[in-house]
Structures are given as structure tokens and as C-alpha cells.
Amino acid sequence: MERRRMSEEQRWQIIGMHSTGMTCRAIGRQLGYQTSVISRMITKHAETNTVKDRPRSGRPRVTTQREDRALYRLVRQQRFASSSHLKRQWLPNRQLPTKSVRNRLRATSIALRARRVIKRPLLTDHHKRLRLAWCLARQHWNLRNWRKIHWSDESRFLLHVTDGRARVWRQPNTAYAARNIIPSVPHGGGSVMVWGCISHDCKQDLVTIRGNLTGDRYIREVLQPAVVPHFDAHPLATRPVFMDDNARPHRSRAVAAYLQQEAATALPWPAISADLNPLEHVWDLLGRRIQSLDPPVQNLHELEAALHREWQQLTIQHIRHLTRRMRRRVQAVISVQGGYTRY
């Protein structure tokens with residue numbers, strides 16, 4: 001039988017079953033414990049009139065509960081402080097190992113542990129108000145509203161990506177062994193910038209942008225060949241709504257004049273709101289697929305070809321999985337009053 005820790009409720013249940021005349025073997029068979037375990041529990045109750053474990057030997061705690069609560073209050077004020085810094089501020093006149101700080105925090109009811117920090121762009125109060133207003137105006141949109149939106153964005157993919165979340169299984173004192181090191185290349189060894197556009201019902205071809213993106217290049221390489229012909233192919237009653245973010249090339253006067261000339265309806269967009277664009281999840285998926293290629297890409301030409309290949313393999317079902325959840329994204333922003341979300 002599997003050995004496991006017995007709860008206090010189960011221990012009292014054993015005593016009750018024994019008091020009805022059941023044998024230790026019968027109790028063990030019914031509850032899934034060995035007969036010797038049941039016998040020891042009954043003997044302990046007969047000797048001590050309790051089912052709790054006896055006090056065990058061990059080093060006594062060097063801090064009191066009051067001192068532990070003081071440490072928790074300190075952590076709430078300095079969430080990004082290291083354990084050594086917390087130790088110096090917590091009990092400066094006591095000789096305590098740094099591990100004691102981590103042990104006390106793990107032992108709290110909240111079980112605090114030092115974890116990887118999530119990085120997000122800075123959201124000011126002005127940004128939060130704009131994000132909240134944008135979501136409140138669209139909180140009652142249904143799928144028929146969202147499927148009109150054509151989400152667009154650019155993304156830059158590095159040839160050599162250094163993943164800060166990577167971990168390695170290694171033996172002690174082998175940190176600098178070549179097999180345990182991920183080599184890094186300055187500036188990622190080069191990059192490829194691409195533009196993409198998705199909606200609930202379609203996926204446009206990926207466009208490679210060579211060089212720095214400007215307003216004029218955005219018109220020549222993206223809007224004229226990809227966006228406007230696609231929009232013109234729709235009947236006027238079902239003409240899509242074009243979404244792009246507030247990058248400087250997108251908001252240049254030339255781009256605004258061109259979109260107005262082509263009668264393209266643009267979706268107003270709040271700044272610092274990548275979490276509201278489902279295309280960001282597509283970029284993350286493409287990046288993970290590129291990193292998992294075997295053999296890996298060796299140069300920028302192979303990287304560009306792999307990006308276009310993976311983009312073509314992206315299914316409309318996966319895109320619809322993202323667009324159907326736009327109401328959840330909007331509600332998530334509203335619930336935090338325009339602040340950070342998990343998207």
C-alpha cells in the first residue's frame with residue numbers, strides 16, 4: 001500500500017471504527033492503510049488519549065511569530081529587495097543566515113517565493129485613463145463587431161535569441177562548462193522585421209520590411225500593396241476597420257492623408273496597449289516555433305523564409321480562438337482600471 005500522511009480526521013475515524021469492534025486488519029483494508037499503522041494509532045490513543053503526533057526533537061526556531069510578521073510587513077513594502085537586503089533590515093542585531101529569510105517567507109500562509117519579474121512598458125495614469133475609456137466604449141461589443149477589425153502590427157525577430165527564462169540541469173561547479181552555456185551574439189546576429197494582418201475571417205500575406213520603417217515606406221510597402229486592395233475587395237456595407245498601433249510611422253501626416261483618401265476606417269488606439277491586440281500572441285507563437293526548429297536557422301535568409309513558412313501554416317481556427325476572446329481582454333482591462341493584465 002502507498003505510504004502517505006494521515007490527516008487528523010482520518011485518525012479519529014480509525015478510533016471510532018475500532019470502538020465499534022472492527023479489527024485493525026478490517027480498518028486498514030477499508031481505509032487503505034497497513035495493519036501495523038492502524039495498530040500503532042490505536043495504541044497511541046490508548047496511552048495519550050489523543051491522536052496528534054508527539055513533540056519531535058529538532059532545533060528550536062530562532063525567531064518569534066511577532067518577528068516573522070515584521071518580516072512579512074517589510075516585504076510588502078520592498079517587494080523587489082533581495083533576501084540579504086531584507087535580512088539586514090529585518091533584524092540588524094541578530095546573526096541570521098540569509099536562508100532563514102527565505103524559509104520564513106515560504107512558511108507564511110501566502111507562501112512568498114522569489115520569482116521571475118514580468119516586464120511591461122510603463123503605464124502612466126494618463127495611459128490608464130485612455131485604456132479604460134477605450135474598453136468601456138467597447139465592453140458590449142459582440143463577435144459581429146470584433147470580426148470587422150483587421151488587426152495589424154510589425155514585429156522584429158532576432159537570428160539568435162537569448163531566452164532569459166532558460167534553465168540548465170547541471171552539476172555543482174560546472175556553471176562555466178561549455179555544454180552549460182548559451183552563447184550570445186551582439187544585437188542578436190541581425191534581425192528580420194515583418195508586418196502581418198489578421199481578422200476573424202482572414203489572414204493576409206506576411207510582408208517583409210527591409211530597413212527602418214518610415215511613413216512613406218509604410219504606405220509603399222504595406223498600405224498600397226496589401227491593405228487597400230484587400231479593403232476594396234469588400235462591399236461597402238461590410239468594409240473592414242483597420243487597426244494599427246501608435247508607432248510614429250503609422251501616425252505620420254502622410255499616412256493619415258492616404259488612409260483618408262482611400263476612405264479606410266481606422267480604429268482609434270490607446271497608447272501602450274499591446275495586450276489588446278491579439279496579433280501579439282501570434283508573434284509569440286511564431287517566435288517559439290522558429291526557436292524550436294531542428295536544425296535551427298543559420299542566417300537571415302533562412303530566418304525570413306522560416307517566418308513566412310510558419311505564417312502560412314497558421315490556421316484560421318487559431319486566429320479565431322484569439323479574436324473570440326476580445327471581450328475577455330476588454331473586461332480584464334476594465335477590472336484593473338486600465339492597468340496591467342495577463343495578456
Side-chain angles (χ1 to χ4, degrees), residues 3-8 52-128 131 158 160-189 272-275 280-281 283-285 287-288 291-292 329 332-333 335-343:
R3 183 176 181 179
R4 61 187 187 278
R5 182 173 179 81
M6 189 183 301
S7 66
E8 186 172 347
K52 294 184 177 180
D53 292 334
R54 296 183 178 93
R56 299 179 180 180
S57 61
R59 184 176 181 179
R61 291 170 63 95
V62 296
T63 59
T64 63
Q65 293 184 356
R66 182 177 181 179
E67 292 171 336
D68 295 345
R69 290 194 297 269
L71 174 62
Y72 178 58
R73 290 193 299 269
L74 182 63
V75 170
R76 286 190 298 176
Q77 298 171 0
Q78 305 180 36
R79 291 188 176 274
F80 297 96
S82 63
S83 55
S84 57
H85 179 77
L86 291 172
K87 183 190 69 172
R88 291 192 297 269
Q89 289 196 323
W90 176 33
L91 299 172
N93 298 325
R94 300 271 292 277
Q95 295 294 328
L96 292 174
T98 306
K99 188 176 181 180
S100 295
V101 175
R102 297 190 291 269
N103 290 341
R104 295 300 179 271
L105 293 177
R106 283 197 295 265
T108 60
S109 58
I110 304 180
L112 296 177
R113 291 178 179 269
R115 304 178 186 274
R116 183 177 60 89
V117 179
I118 296 177
K119 297 180 180 180
R120 290 290 186 270
L122 175 64
L123 280 177
T124 64
D125 292 339
H126 178 65
H127 293 147
K128 293 178 182 179
R131 285 163 51 84
L158 297 177
H160 300 288
V161 180
T162 302
D163 190 356
R165 296 174 292 183
R167 299 292 186 267
V168 59
W169 296 101
R170 62 175 180 83
Q171 296 174 324
N173 303 320
T174 61
Y176 295 98
R179 63 182 181 275
N180 297 330
I181 292 178
I182 299 179
S184 62
V185 180
H187 310 292
I272 318 297
S273 298
D275 55 342
E280 295 290 344
H281 286 257
W283 297 141
D284 180 68
L285 174 64
R288 285 187 279 112
Q291 293 183 43
S292 63
R329 293 173 183 261
V333 174
S335 64
V336 293
Q337 297 294 302
Y340 299 103
T341 67
R342 65 183 183 90
Y343 290 100

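Computed from a prediction, not measured in an experiment: that's the story for all the values here.
- Note: Asp275 CG to Glu280 CD = 9.0 Å, rounded to the nearest 0.5 Å.
- Residues passing the side-chain contact (heavy atoms from CB on, under 4.5 Å) test with Ala70 are Arg73, Trp90, sequence neighbours excluded.
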Considering only distance and modelled atom types, tabulate donor-acceptor pairs under 3.5 Å from the side chains of residues 168-179, sequence neighbours left out.
unit_1	atom_1	unit_2	atom_2	d
Thr174	OG1	Gln171	N	3.3
Thr174	OG1	Gln171	O	2.5
Thr174	OG1	Asn180	ND2	3.3

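- Take Thr63 and apply the side-chain hydrogen bond (donor to acceptor under 3.5 Å, both in side chains) test, not counting sequence neighbours, and it matches Asp68, Arg104.
- Taking each heavy atom of Ala332 and Ser335 in turn, the nearest pair found is O-OG, 2.7 Å.
- Within the 3.5 Å criterion, the main-chain N or O of Arg288 finds no donor-acceptor partner in the side chain of Gln291.
- The side-chain hydrogen bond (donor to acceptor under 3.5 Å, both in side chains) test applied to Glu8 returns no partner, not counting sequence neighbours.
- A donor-acceptor pair under 3.5 Å is absent between the side-chain atoms of Tyr343 and the main chain of Val333, judged by distance alone.
- Here Leu86 contributes atom CG and Ser100 contributes atom OG; the two are 13.0 Å apart, rounded to the nearest 0.5 Å.
- With rounding to the nearest 0.5 angstrom, the CD atom of Gln77 is 9.0 Å from the CD atom of Gln89.
- A distance of 10.5 Å separates NE2 in His126 from CD1 in Ile272, rounded to the nearest 0.5 Å.
- Contact between Arg131 and Gly339 at its shortest, heavy atoms only, is NH2-O, 2.8 Å.
- Few gaps surround CZ on Arg76; more than 12 heavy atoms of other groups in view lie less than 6.0 Å from it.
- Here the closest heavy-atom approach between residue Ala81 and residue His85 is recorded as CB-CD2, 3.7 Å.
- In this structure, Thr98 and Arg102 have side chains that are in contact, with non-hydrogen atoms separated by less than 4.5 Å.
- Residues passing the side-chain hydrogen bond (donor to acceptor under 3.5 Å, both in side chains) test with Ser184, sequence neighbours excluded: none.
- Judged by distance alone, with hydrogens and angles left aside, the side-chain atoms of Arg94 form a donor-acceptor pair with the main-chain N or O of Val62 at under 3.5 Å.
- Of the inter-residue distances, the one linking Arg79 atom CZ with Leu74 atom CG reads 11.5 Å to the nearest 0.5 angstrom.
- Judged as a side-chain hydrogen bond (donor to acceptor under 3.5 Å, both in side chains), and not counting sequence neighbours, the contacts of His127 are Thr124.
- Lys128 and Gln337 get closest at one heavy-atom pair: CB-O, 3.9 Å.
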